[in-house]
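Note that these values count all heavy atoms, side chains included, but never hydrogens, waters or copies made by symmetry. Residue numbers count from 1 along this sequence.
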Amino acid sequence: MSNHAIWMTHRSMTADPSVKAQKLKAGTVKRIFDFAKPYRKSIIIFLITVVIDAALVVTTPLLLLRLIDDGVIPKNPQLVTKLALFVGLLAVADALVSMLGRYFSSRIGEGLIYDLRSLVFGHVQKQSIAFFTRTQTGALISRINSDVIGAQQAFTATLSGVVSNVVSLVLVGVTMMVLSWQITIFALLLLPAFLIPTKWVGRKLQALTRESFNVNAEMSSTMTERFNVSGAILVSLYGQPARERENFRAKARRVADIGIKSAMLNRLFFIALTSVAAIATAFAYGIGGHLAISGKVTVGTLLAITALLARLYGPLTALSNVRIDVMTSLVSFERVFEVLDLHPMVTNREGALVFSGKNPRVEFDNVGFAYPRANEISLASLESAAKPETVESGEVLKNLSFVAEPGTLTALVGPSGAGKTTISALIPRLYDVTSGAITIDGHDIRDLTMESLRDSIGVVMQDAHLFHETIAENLRYAKNDATVEEMQTACEAAQIWKLIDSLPNGLDTMVGERGHRLSGGEKQRLAIARLLLKSPSVVILDEATAHLDSENESLVHAALESALKGRTSIVIAHRLSTVRNADQILVLEKGSIVERGKHDDLVALGGLYADLYTRQDLTGSTN
């Protein structure tokens with residue numbers, strides 16, 4: 001058997017057999033073929049090269065037959081030379097065909113990987129924030145990497161393997177039967193002796209492969225959690241380094257032990273295949289030799305049959321497992337289609353308008369909202385939960401109505417869980433309202449394109465997120481064509497330019513993972529600079545100063561004066577002293593507005609706001 005045949009047999013025998021039990025959704029196969037239509041010509045050419053390559057498997061032994069019977073034995077040097085040259089030319093032709101096939105295989109495979117990854121990445125970006133709150137990141141990345149690669153193999157390794165094995169088996173079987181049916185029948189009777197050891201080794205390798213994947217996944221998870229900045233800090237402060245090392249070493253040792261067992265089983269697998277093939281060849285020589293002595297077959301026929309015999313068992317073994325190969329590829333396609341079929345909860349309506357208003361009026365009109373259920377926003381296979389949730393979130397906002405007039409500052413205050421952050425998420429349509437409507441300058445925000453709506457809104461969260469890139473690249477995320485002068489102006493207004501200018505690399509300074517090279521106040525001011533660079537019409541601040549010390553808070557407040565000036569602003573505040581000058585304060589409790597007015601009026605009212613303010617004043621939180 002050739003090394004390629006052994007490898008294809010090994011790949012087939014070690015595939016996970018559990019995929020055979022999976023049922024594909026109706027129309028999956030048709031959809032796969034529709035997806036491959038752009039590569040139809042390449043696939044046809046690729047399959048032609050596979051058929052030619054398979055046909056050449058039979059050609060060489062038949063030439064050997066003529067070389068012996070018509071050239072060597074009759075002592076015909078001219079024919080021997082011609083046939084030898086022809087065999088050499090066939091080898092060159094086979095190499096060229098193989099290269100051509102590899103070229104088209106690569107074009108098809110890499111093209112499908114590119115198309116699938118681009119589609120999945122683009123589709124995932126369209127999902128609502130609710131999708132990401134439930135989805136396990138690792139499982140999603142696996143769809144873009146592992147499953148996409150598994151899917152493309154349907155049109156490369158699996159398809160070529162099936163076609164090549166079928167063509168080779170038919171041509172080799174027919175040729176052997178024509179040359180000597182006796183030897184052929186005997187060779188087929190030996191097939192169980194060939195399949196039994198390979199099946200046994202295959203099952204052992206399947207179990208080891210699954211365990212290896214699981215242990216490697218655990219190791220990767222451990223490294224991911226411990227090697228990011230937050231994890232490293234936690235381990236340093238609370239962890240036990242010796243125990244961490246021992247736990248990791250135990251997993252690494254298990255992977256090493258599995259690797260040793262797999263290596264030995266792989267070697268046993270190859271030895272079993274080659275040994276059984278060698279034994280079968282020996283029997284063929286014995287039977288064929290006696291037939292040659294009796295004159296029933298020629299010496300050339302004997303040598304040709306034994307050469308063909310080595311090409312018989314590989315395709316037979318691989319085809320015995322072909323259902324697993326095909327289902328593995330189809331299931332990978334289906335897992336990719338699962339993600340592509342997940343409809344985004346928040347989408348543009350047909351004929352949506354482009355919003356371009358300045359200093360708009362924002363109105364909530366009897367807004368009700370409940371967070372969507374898990375089956376509405378995600379896939380069970382993308383979540384890490386051990387069992388599905390059975391309790392729904394219930395109505396988070398109830399008949400909420402208020403108006404934020406153009407250029408005014410509206411403050412949202414109240415206890416945790418009152419619905420403040422939910423309100424800030426509804427305005428840029430990170431979620432859609434369950435009932436009622438949110439309008440901006442009289443337009444229902446669902447009638448506006450999400451791109452234009454979000455372009456007009458700037459948000460600074462309590463924990464400003466920065467990418468592991470330079471300061472300039474993080475700023476340009478708001479405006480990709482921003483000049484150095486524009487970035488400097490925004491940073492000066494955000495009270496952060498002096499710090500940036502003092503750094504050796506200035507705007508080209510890397511901020512580290514999640515901006516950990518900067519302090520909390522510096523990250524917040526950089527986030528405000530990013531907001532100013534965007535120059536939005538509506539500003540939303542979600543407790544932007546909640547965890548800052550007094551010095552950083554005063555700097556951030558100075559930066560916020562520039563950010564809020566002349567813009568319709570909605571501010572969620574934990575420290576009530578920061579919103580004393582708001583044009584209106586809305587006090588929320590359990591998803592409803594229970595009080596509204598200005599600071600002095602609400603304090604005089606003696607209600608929930610006054611109670612919260614008094615408690616903060618007594619604890620010194622207002623200072």
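Atom CZ in Phe33 sits 11.5 Å away from atom NZ in Lys37 (nearest 0.5 Å). Here the CG-CG distance, from Leu303 to Leu308, works out to 11.0 Å after rounding to the nearest 0.5 Å. Within the model, atoms OG1 of Thr81 and CG of Asn76 stand 8.5 Å from one another, a figure rounded to the nearest 0.5 Å. Note that CD1 of Ile45 is 12.5 Å distant from CZ of Arg40, once rounded to the nearest 0.5 Å. Separation of atoms CD (Glu246) and CZ (Arg253) is listed at 13.0 Å; rounding is to 0.5 Å. How far NE2 of His343 is from NZ of Lys126: 10.0 Å, rounded to the nearest 0.5 Å.
Across Ile68 and Pro74, no two heavy atoms sit closer than the pair O-CD, 4.0 Å. In this structure, Ser42 and Arg107 approach most closely via the heavy-atom pair OG-NE, 4.0 Å. Summarising the geometry of Ala304 relative to Leu65, their closest heavy-atom pair is CB-CB, 4.0 Å, with the distance given to 0.1 Å. Shown here for Ile73 and Val299, the closest heavy-atom pair between the two residues is CD1-CB, 4.1 Å. The shortest non-hydrogen separation linking Val50 to Ser160 is CG1-O, 3.6 Å.
In this structure the side chain of Glu451 reaches within 4.5 angstrom of the side chain of Asn348, judged on heavy atoms. Proximity of Glu110 to Ile113: side-chain heavy atoms (C-beta onward) are separated by under 4.5 Å at one or more points. For the pair Ser164/Asp53, no side-chain contact is recorded, criterion being any heavy-atom separation below 4.5 Å from C-beta on. No side-chain heavy atom of Lys296 sits less than 4.5 Å from a side-chain heavy atom of Ser180. Looking at heavy atoms from C-beta onward, Ile183 lies in side-chain contact with Leu291 at the 4.5 angstrom threshold. Side-chain contact check for Ile32 versus Phe337: some heavy-atom pair is nearer than 4.5 Å. Tyr39 places a side-chain heavy atom less than 4.5 Å from the side chain of Asp115. With a 4.5 Å cut-off on side-chain heavy atoms, Asp508 and Ile471 do not count as touching.
Looking at Ser105, its side chain never comes within 3.5 Å of a backbone N or O of Gly101 through a donor-acceptor pair. Checking side-chain atoms of Thr60 against main-chain N and O of Val57 turns up no donor-acceptor pair under 3.5 Å. Between the side chain of His123 and the backbone N or O of Ser118 there is no donor-acceptor pair closer than 3.5 Å. Judged purely by atom type and a 3.5 angstrom limit, His468 has no side-chain atom pairing as donor or acceptor with the backbone of Val511. Judged purely by atom type and a 3.5 angstrom limit, Thr301 has no side-chain atom pairing as donor or acceptor with the backbone of Leu179.
Val51 meets the side chain to side chain contact (heavy atoms under 4.5 Å, CB included) test with Val163, Val167; sequence neighbours excluded. Listed by chain and residue number, Arg66 satisfy the side-chain hydrogen bond (donor to acceptor under 3.5 Å, both in side chains) test with Asp70 (two or more places apart in sequence, or in another chain). Here Phe104 pairs with nothing under the ring-ring contact (aromatic ring centres under 6.0 Å, His included) rule; sequence neighbours left out. Not a single side chain to side chain contact (heavy atoms under 4.5 Å, CB included) links Ser98 to another residue, sequence neighbours left out. Ile52 meets the side chain to side chain contact (heavy atoms under 4.5 Å, CB included) test with Ile48, Leu56, Val97; sequence neighbours excluded. For the ring-ring contact (aromatic ring centres under 6.0 Å, His included) test, no residue two or more places apart in sequence or in another chain qualifies with Tyr103.
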Thr298 vs Asp69, side-chain hydrogen bond (donor to acceptor under 3.5 Å, both in side chains): CA-CA, chis, key distance, verdict: CA-CA 7 Å; Thr298 65; Asp69 289 346; 2.4 Å; yes
CA sep, side-chain torsions, deciding dist, call: Leu67, Leu63, side-chain contact (heavy atoms from CB on, under 4.5 Å): CA-CA 6 Å; Leu67 183 71; Leu63 287 173; over 6 Å; no
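Heavy atoms of other residues, nucleotides or ligands lying less than 6.0 angstrom from CZ of Arg254 number more than 12. Other residues, nucleotides and ligands place more than 12 heavy atoms under 6.0 Å from the CZ atom of Phe186.
Each of Thr470, Asn474, Leu475 was evaluated against Leu507; a single residue qualifies, Leu475, per the side-chain contact (heavy atoms from CB on, under 4.5 Å) test.
Using a 4.0 Å cut-off between charged side-chain N and carboxylate O, Lys261 and Asp257 make no salt bridge.
For the pair Arg31 and Phe333, the cation does not sit on the ring face, since its NZ or CZ is not both under 6.0 Å from the ring centre and inside 45° of the axis.
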